[in-house]
Amino acid sequence: MPAEPALTPLHDADAAAPEPADFRKAMAEFATGVTVVTALDGGEPVGFACQSFASVSLDPPLILFCADKRGRSWPRIRSAGRFCVNVLGEEQRDLCERFGSSRGAKFEGLDWEESRWGAPALPDVLLAVHCVVHDVHEAGDHEVVIGRVLAVDRHEVVDGAWRRPMVFFRSRFGVGEPDAPIAPDPWGIGDRWGWG
């Protein structure tokens with residue numbers, strides 16, 4: 001039986017932890033989908049692009065997303081209590097750019113609907129996950145938001161054709177496109193989504 005490796009003491013592990021820029025670059029090796037989290041706060045629509053999204057539980061149905069504590073939209077979404085996670089299709093880069101920016105009126109000129117659950121549903125997204133805030137956990141400079149799922153709307157087929165998801169990998173949109181342009185800031189720096 002091989003000997004178990006010695007564990008690094010925690011005080012040494014902190015000293016060996018990667019710098020933020022190195023950690024961001026390393027995490028770019030994990031391909032993610034792209035979502036836009038939206039809500040209505042005082043009747044005004046708010047939202048931000050978010051790539052940290054996952055399912056948590058089937059029974060009860062729970063999801064999570066991570067929001068930067070410094071963001072402007074997340075406190076308003078938390079206050080609203082209800083939100084929609086809009087999963088983007090690969091052709092919806094315009095929505096990603098609109099909601100990934102900290103500048104400009106994100107909903108200006110955009111055709112959106114208020115769902116029966118009281119949050120903005122964006123047009124023609126691949127999937128809309130309608131939720132209420134179930135729990136929030138602090139995690140460094142972000143908060144991990146657990147949402148209880150109220151309903152889902154799927155739009156995976158358009159005009160009889162299957163749609164593909166928007167994928168973000170190595171600071172670029174898509175996989176297998178080494179010559180694709182690096183996404184403009186804030187996406188190009190890897191973990192800035194959630195500021196919006």
Side-chain angles (χ1 to χ4, degrees), residues 17-18 20 23-24 26-41 45-90 92 95-96 99-100 106 112-122 124-157 162-171 173-175 186-187 190-196:
F23 185 56
R24 182 182 301 125
M27 291 299 97
E29 296 299 315
F30 181 65
T32 67
V34 180
T35 72
V36 175
V37 181
T38 58
L40 285 175
D41 179 41
V46 296
F48 65 93
C50 177
Q51 65 186 113
S52 298
F53 168 71
S55 62
V56 173
S57 168
L58 296 177
D59 187 16
L62 300 173
I63 56 88
L64 71 77
F65 69 87
C66 298
D68 193 312
K69 288 195 239 182
R70 300 163 292 184
R72 294 175 298 146
S73 295
W74 162 234
R76 298 183 69 190
I77 292 169
R78 185 175 188 169
S79 174
R82 292 177 179 241
F83 62 91
C84 181
V85 179
N86 299 270
V87 178
L88 302 185
E90 71 176 351
Q92 295 183 303
L95 284 175
C96 182
F99 285 93
K106 299 174 184 181
W112 61 275
E113 295 180 354
E114 180 177 347
S115 75
R116 62 190 171 128
W117 305 105
L122 299 183
D124 302 320
V125 294
L126 199 60
L127 172 68
V129 185
H130 307 280
C131 303
V132 294
V133 175
H134 180 72
D135 206 357
V136 178
H137 302 274
E138 286 203 29
D141 56 9
H142 280 60
E143 290 184 321
V144 179
V145 182
I146 307 295
R148 182 168 53 84
V149 178
L150 303 172
V152 294
D153 293 317
R154 298 168 62 186
H155 308 284
E156 71 271 20
V157 178
W162 285 98
R163 297 173 65 201
R164 293 165 32 136
M166 179 177 286
V167 176
F168 194 68
F169 177 62
R170 293 184 177 163
S171 301
F173 295 107
V175 177
W187 312 285
D191 69 349
R192 302 299 259 217
W193 294 355
W195 273 40

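Note: hydrogens, waters and symmetry copies are ignored here, and every other heavy atom, side chains too, is used.
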My understanding is that only residues two or more places apart in sequence, or in another chain, count here; which of them pass side chain to side chain contact (heavy atoms under 4.5 Å, CB included) with A54?
L64
Which of L126, D124, V34, L122 passes side chain to side chain contact (heavy atoms under 4.5 Å, CB included) with Q92? Answer is D124
Please name the pair of heavy atoms, one in L127 and one in R154, separated by the smallest distance, quoted to 0.1 Å.
CD1-CG, 3.6 Å
Looking at T38 and P120, would you say the former's side chain and the latter's main chain have a donor-acceptor pair under 3.5 Å?
yes
Does the side chain of D153 pick up a donor-acceptor pair with the side chain of H155 at under 3.5 Å?
no
So, taking the atom named NE2 in H142 and the one named SG in C66, what distance separates them when rounded to the nearest 0.5 Å?
6.5 Å
Between W74 and F65, how do the two ring planes meet: parallel, tilted or perpendicular, split at 30° and 60°?
perpendicular
Distance, nearest 0.5 Å, that separates OG of S55 from CG of L62
9.5 Å
Reported CD1-to-NE2 distance for the pair I146 and H134, which is rounded to 0.5 angstrom:
7.5 Å
Is the shortest heavy-atom distance from the side chain of V125 to the side chain of L88 under 4.5 Å?
yes
Contact between E138 and K69 at the side-chain level, heavy atoms closer than 4.5 Å - yes or no?
yes
Taking atom CD of E114 as the centre, report whether more than 12 heavy atoms of other residues, nucleotides or ligands fall under 6.0 Å from it.
yes
Donor-acceptor contact present, side-chain R148 to main-chain P60, <3.5 Å:
no
For the atom pair CE (M166) and CZ (R163), what is the distance rounded to the nearest 0.5 Å?
10.0 Å
Please report the shortest heavy-atom distance between A49 and C96, naming the atom on each side.
CB-O, 4.2 Å
To the nearest 0.5 Å, atom CZ of F83 lies from atom CD1 of I63 at 4.0 Å
Indicate yes or no: at least one non-hydrogen side-chain atom of S73 is less than 4.5 angstrom from one of K106.
yes
Roughly how far apart are I77 CD1 and D41 CG, rounded to 0.5 Å?
9.0 Å
Within the side chain of N86, is there an N or O that forms a donor-acceptor pair under 3.5 Å with the backbone of V36?
yes
